[in-house]
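Written out below as structure tokens is the structure these notes cover.
Just so we're clear, the structure is a prediction, and the values are computed from it rather than from any experiment. What you see below is based on every heavy atom in this structure, not just the backbone, and it leaves out hydrogens, waters and symmetry mates.
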Amino acid sequence: MLNGALLGIEQINAAAAGFSLEPLIVDSGGDPARYYDDCETMLRRDNVRHFIGCYTSAARRQVRPLIEGSDALLWHAARYEGFESSDNVIYVGAAPNHNVIPLARYMLRHIARDVFCVGSNYVWTWETNRVMREIVSGAGGHMIAERLLDLGETAVAHMVQEIVRRKPPVVFNTLVGESSYRFVRALHAAAASAGVTIPILSCSLCEPELRLIGPAASAGCIVSSAYFESVARPENHAFVTRWKRRFGADSDISVDGMSTFVCVMLLARAIRRAGSTEVGAVRRAAANYRYDSPQGPIWVDPDNNHCFLTPRLARSMLDYKFEIFWEADAPERPDPYLANLDLAALGATTEAGSGAMNKRPSYLRVVK
């Protein structure tokens with residue numbers, strides 16, 4: 001994500017846009033409590049008004065009250081669990097209708113209606129699994145089990161043993177970081193030893209992580225994302241070339257790195273249109289402005305500050321890349337509260353029209 005931001009800043013500054021961007025880089029080390037302290041320092045001491053960052057939802061939730069209280073603006077690059085909207089956050093990453101819904105639809109139509117869920121014990125997993133449970137239940141299936149680990153926990157043997165013993169038709173993995181890498185490797189080895197095949201679904205696995213897992217174990221995972229390095233667009237080919245020239249030919253690009261690059265580009269374009277860095281002016285200038293990004297056309301919906309994105313499904317390969325096998329016909333309207341979700345249509349045997357998720361919400365979704 002830092003590389004994506006730096007690449008975007010360098011590109012904007014080289015373009016002589018009439019202003020330059022100067023990064024103030026602070027590493028909170030993945031510790032949510034430090035995010036709060038670091039954000040407060042940047043607001044009070046450094047008078048920062050535009051923030052790009054926060055990979056985890058735990059980090060975002062730490063800084064959001066400070067950002068809102070100071071009327072600053074957080075450009076949030078990572079895909080997240082949804083069920084949030086703030087005037088002081090531009091959500092550039094995928095909302096749940098961009099990743100969870102396409103993945104669940106594919107699972108119901110092509111794999112199974114029952115699912116075994118594993119994940120890290122925090123808000124990303126809680127909300128994502130809740131949505132998956134509702135979808136599966138609505139389709140007549142059920143969540144076989146939900147097994148959670150503390151963030152960073154790597155003792156996965158008990159989960160793997162249970163999965164191999166129960167032989168679920170599919171596993172939905174929302175583990176984060178090393179917990180996920182250990183789990184994928186262990187399940188691959190145990191399933192191969194037992195002579196069973198259990199597909200793994202994910203909304204977060206990305207190219208750099210495939211290399212950390214290893215070629216044999218990481219291949220064959222089905223992943224839902226708005227971006228893969230293999231997206232066939234001229235804008236992406238140019239982006240990948242610049243990235244690898246800057247960070248090395250072996251540097252893998254994640255959806256989060258690309259999305260952070262997009263954050264910088266959207267911010268810079270909004271500043272140029274507004275003629276100001278003032279938060280309100282920038283926010284208004286960013287709304288509905290279309291940018292042809294590496295992942296495809298993207299623009300901010302002023303109704304909820306989330307972005308129109310193009311959902312995609314891909315399968316991980318032995319060369320640490322993804323082979324895309326489905327993508328939406330056009331960018332889909334963000335629906336962070338899934339107010340427009342039609343549970344009955346998800347399990348249907350024919351694909352819904354590409355505009356199905358672009359309609360305005362027609363009813364209130366009550367979340368308990």
Side-chain angles (χ1 to χ4, degrees), residues 56-58 78-84 93-149 151 156 159 162-163 166-176 179-180 183-184 187 198-206 220-226 255 306 309 311-316 326 328 332 334-349 351-352 356-357 365-368:
T56 67
S57 291
R79 58 258 191 266
Y80 86 115
E81 66 282 349
F83 301 94
E84 178 181 306
N97 70 296
H98 293 135
N99 52 19
V100 182
I101 302 307
L103 188 65
R105 182 170 57 226
Y106 177 82
M107 181 189 75
L108 292 174
R109 295 177 181 178
H110 300 286
I111 302 178
R113 294 178 182 270
D114 299 332
V115 59
F116 192 112
C117 295
V118 299
S120 296
N121 192 16
Y122 85 123
V123 64
W124 157 257
T125 290
W126 303 337
E127 293 297 326
T128 303
N129 280 1
R130 181 179 60 78
V131 171
M132 181 64 77
R133 182 186 299 107
E134 184 173 347
I135 292 170
V136 167
S137 298
H142 70 284
M143 188 176 286
I144 297 169
E146 182 180 23
R147 301 290 179 257
L148 307 183
L149 295 178
L151 280 169
V156 300
M159 293 197 307
E162 182 181 3
I163 291 170
R166 300 181 71 170
K167 297 181 178 61
V170 65
V171 169
F172 180 45
N173 174 21
T174 54
L175 289 163
V176 173
S179 302
S180 180
F183 170 78
V184 173
L187 181 58
I198 304 173
I200 296 176
L201 309 182
S202 172
C203 290
S204 58
L205 195 63
C206 55
C221 296
I222 297 172
V223 178
S224 179
S225 178
V255 59
H306 290 65
L309 302 175
R312 294 177 172 92
L313 297 175
R315 187 172 287 102
S316 56
W326 174 85
E332 295 189 353
D335 187 11
Y337 291 91
L338 296 179
N340 208 32
L341 176 62
D342 184 352
L343 288 173
L346 285 179
T349 56
E351 291 288 339
M357 293 304 296
R365 182 182 183 82
V366 178
V367 180
K368 295 183 179 180

Assess whether side-chain contact (heavy atoms from CB on, under 4.5 Å) is satisfied between Asn129 and Thr174, documenting all intermediate values.
CA-CA 8 Å; Asn129 280 1; Thr174 54; 4.0 Å; yes

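- Checking side-chain atoms of Ser57 against main-chain N and O of Val123 turns up no donor-acceptor pair under 3.5 Å.
- Taking the side-chain contact (heavy atoms from CB on, under 4.5 Å) definition, one finds that Ala94 meets it with Arg79, His98, Asn99, Leu309, sequence neighbours left out.
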Could you walk me through whether His306 and Tyr80 pass the side-chain contact (heavy atoms from CB on, under 4.5 Å) check?
CA-CA 11 Å; His306 290 65; Tyr80 86 115; 2.6 Å; yes

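- Here the closest heavy-atom approach between residue Pro199 and residue Ile111 is recorded as CG-CG2, 4.3 Å.
- Using a distance-only test at 3.5 Å, with no hydrogens or angles considered, a donor-acceptor pair links the side chain of Asp114 to the main chain of His142.
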Using the side-chain contact (heavy atoms from CB on, under 4.5 Å) rule, take Phe172 and Met107 through it: C-alpha gap first, then chi angles, then the decisive distance, then the call.
CA-CA 10 Å; Phe172 180 45; Met107 181 189 75; 5.9 Å; no

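- In this structure, Thr125 OG1 and Glu81 CD are separated by 9.5 Å, a value rounded to the nearest 0.5 Å.
- Counting heavy atoms from C-beta outward, Leu175 and Ser120 have side chains that approach closer than 4.5 Å.
- A donor-acceptor pair is defined here as one N or O able to donate and one able to accept, closer than 3.5 Å; such a pair exists between the side chain of Ser316 and the backbone of Gly220.
- Between Pro102 and Trp326 the shortest heavy-atom distance is CB-CZ3, 4.0 Å.
- Contact record, Ala145 with Arg166: CB-NH1, 3.9 Å, taken as the closest heavy-atom pair.
- Counting only heavy atoms from C-beta outward, the side chains of Asn173 and Ser180 approach each other to under 4.5 Å.
- The heavy-atom pair separating Ile198 from Ile163 by the smallest distance is CD1-CG2, 3.7 Å.
- Remark: Tyr106 engages His110, Phe325 in a ring-ring contact (aromatic ring centres under 6.0 Å, His included) (not counting sequence neighbours).
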Let's go through Ile135 and Ile101 carefully: what are the C-alpha distance in whole Å and the side-chain angles of both, what is the deciding distance for side-chain contact (heavy atoms from CB on, under 4.5 Å) to 0.1 Å, and is it a yes or a no?
CA-CA 8 Å; Ile135 292 170; Ile101 302 307; 3.5 Å; yes

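- For the pair Arg147 and Phe183, the cation-pi criterion (under 6.0 Å, within 45° of the ring axis) is not fulfilled.
- Of all heavy-atom pairs between Trp124 and Ser204, the closest is CZ2-CB, 4.2 Å.
- Counting only heavy atoms from C-beta outward, the side chains of Ile222 and Leu103 approach each other to under 4.5 Å.
- The shortest distance between side-chain heavy atoms of Pro169 and Ile144 falls below 4.5 Å.
- The distance from atom CD1 of Ile200 to atom SG of Cys221, rounded to the nearest 0.5 Å, is 4.5 Å.
- Judged purely by atom type and a 3.5 angstrom limit, Asp335 uses its side chain to pair as donor or acceptor with the backbone of Asn340.
- To the nearest 0.5 angstrom, Glu134 atom CD is 7.0 Å from Leu341 atom CG.
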